[in-house]
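Beneath this line is the structure, given in structure tokens, with notes to follow.
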Amino acid sequence: MAGSVLAALAAAFVTGALARFAVPGPDPMPVWLTLAIGLAGSLIGWGIVVATVGNDPGWVGIAGFLAAVVLVLAYRRFVQKRPLWGPGAYRFPKRGFGIEQYRERLQRAGIDPDSVASPFAPAAPGPAQPPGSAPVAAADDPTENPAHYLQLLEELHDSGVLEDEEYAAARARLLDRLRP
């Protein structure tokens with residue numbers, strides 16, 4: 001019995017994670033919400049398949065995945081209040097479960113959450129400095145402790161807040177700032 005429950009939870013988590021990946025743009029959410037979306041999607045999909053074609057395991061998996069995608073879209077639209085497509089879909093959310101913690105982590109890493117995962121936003125130019133002058137280091141400047149900043153970026157990347165391209169871009173920006 002415990003093995004069946006664990007298998008169902010693992011399958012629900014995979015279904016929820018795949019549904020999140022199927023929807024373009026960032027959808028940071030806690031693990032429990034990914035699991036809940038996958039479980040609810042699987043149950044809804046199972047109900048639809050049983051009502052229409054009988055208990056066919058192949059169709060249950062497909063319908064469960066599609067129902068989970070619909071739940072992710074509903075979460076984005078009605079909880080996060082974000083568009084489902086277009087430039088607004090690629091912006092980091094301002095509301096939702098766990099969003100404040102993700103935003104704080106990004107800000108502590110020196111990353112503006114409103115510029116994360118937005119391929120449509122132009123890159124913000126750095127502050128203008130006279131040629132040949134040394135950059136002025138602020139108290140929270142990542143060049144003051146680059147190892148700590150890189151560790152924060154790595155944690156954000158590993159937790160799924162930053163995608164591979166975003167991680168590489170932030171790391172490249174830091175390394176460019178460190179060069180004389």
Side-chain angles (χ1 to χ4, degrees), residues 2-109 111-122 152-171:
S4 297
V5 170
L6 288 175
L9 290 175
F13 179 77
V14 169
T15 301
L18 289 175
R20 285 177 55 192
F21 288 132
V23 178
D27 281 309
M29 60 180 71
V31 172
W32 65 264
L33 186 56
T34 301
L35 182 65
I37 285 175
L39 190 59
S42 296
L43 291 174
I44 291 169
W46 175 79
I48 291 171
V49 168
V50 167
T52 56
V53 297
N55 197 8
D56 184 0
W59 285 109
V60 169
I62 293 169
F65 168 71
L66 293 175
V69 169
V70 169
L71 289 174
V72 170
L73 291 171
Y75 172 76
R76 177 183 283 188
R77 183 72 183 125
F78 298 112
V79 175
Q80 292 181 339
K81 309 254 189 242
R82 291 192 308 147
L84 302 178
W85 56 81
Y90 290 93
R91 292 194 180 100
F92 199 81
K94 294 187 188 230
R95 35 180 99 76
F97 296 104
I99 298 300
E100 286 302 316
Q101 291 83 5
Y102 283 116
R103 285 182 155 281
E104 288 171 11
R105 287 181 70 192
L106 286 170
Q107 288 171 342
R108 281 194 310 256
I111 299 169
D112 179 19
D114 295 322
S115 67
V116 170
S118 180
F120 302 105
L152 289 174
L153 285 176
E154 182 89 18
E155 288 175 13
L156 291 170
H157 180 254
D158 290 343
S159 67
V161 175
L162 293 178
E163 294 177 359
D164 294 339
E165 308 86 51
E166 297 164 337
Y167 170 73
R171 188 168 185 228

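This structure is a prediction, so every number in the text was calculated from the model and none was measured.
- Contact check for Glu166 versus Leu156: no side-chain heavy atoms found under the 4.5 Å cut-off.
- Here the closest heavy-atom approach between residue Gln80 and residue Arg95 is recorded as CG-O, 3.2 Å.
- Rounding to the nearest 0.5 Å places CH2 of Trp59 at 9.0 Å from OG1 of Thr52.
- Atom-to-atom distance recorded for Thr15:OG1 and Arg20:CZ is 13.5 Å, nearest 0.5 angstrom.
- Here the side chains of Val49 and Ile62 are not in contact, with every heavy-atom distance at 4.5 Å or above.
- Trp32 contributes atom CH2, which lies 9.0 Å from atom CD1 of Ile37 (distance to the nearest 0.5 angstrom).
- With a 4.5 Å cut-off on side-chain heavy atoms, Pro26 and Arg82 count as touching.
- For the residue pair Gly41 and Ala67, the shortest heavy atom distance occurs at O-CB, 3.4 Å.
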Side chain to side chain contact (heavy atoms under 4.5 Å, CB included) evaluation trace for Glu154 with Asp158
CA-CA 6 Å; Glu154 182 89 18; Asp158 290 343; 3.7 Å; yes
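- Residues Ile48 and Leu66 are not in side-chain contact: their nearest non-hydrogen atoms beyond the backbone lie 4.5 Å or more apart.
- Here the CG atom belonging to Asn55 is positioned 7.0 Å from the CH2 atom belonging to Trp46, to the nearest 0.5 angstrom.
- Of all heavy-atom pairs between Leu33 and Phe97, the closest is CD2-CD1, 3.7 Å.
- Between Arg76 and Val72, every side-chain heavy-atom pair lies at or beyond the 4.5 Å cut-off.
- Nearest approach of Val79 to Gly96, heavy atoms of both residues: CG1-CA, 4.1 Å.
- Between Trp85 and Pro24 the shortest side-chain heavy-atom distance does not fall below 4.5 Å.
- Counting only distance, with no hydrogens or angles, the side chain of Arg103 and the backbone of Pro113 share no donor-acceptor pair below 3.5 Å.
- Minimum heavy-atom separation, Leu84 to Leu73: CD2-O, 3.5 Å.
- Annotation: side chain of Leu162 is not in contact with side chain of Arg105 (no heavy-atom distance under 4.5 Å).
- Residues Phe92 and Leu106 have side chains in contact (heavy-atom distance under 4.5 Å, counting atoms from C-beta outward).
- Atom CD1 of Ile99 sits about 12.0 Å away from atom NZ of Lys94, to the nearest 0.5 Å.
- The distance from atom CG of Leu39 to atom OG1 of Thr34, rounded to the nearest 0.5 Å, is 12.5 Å.
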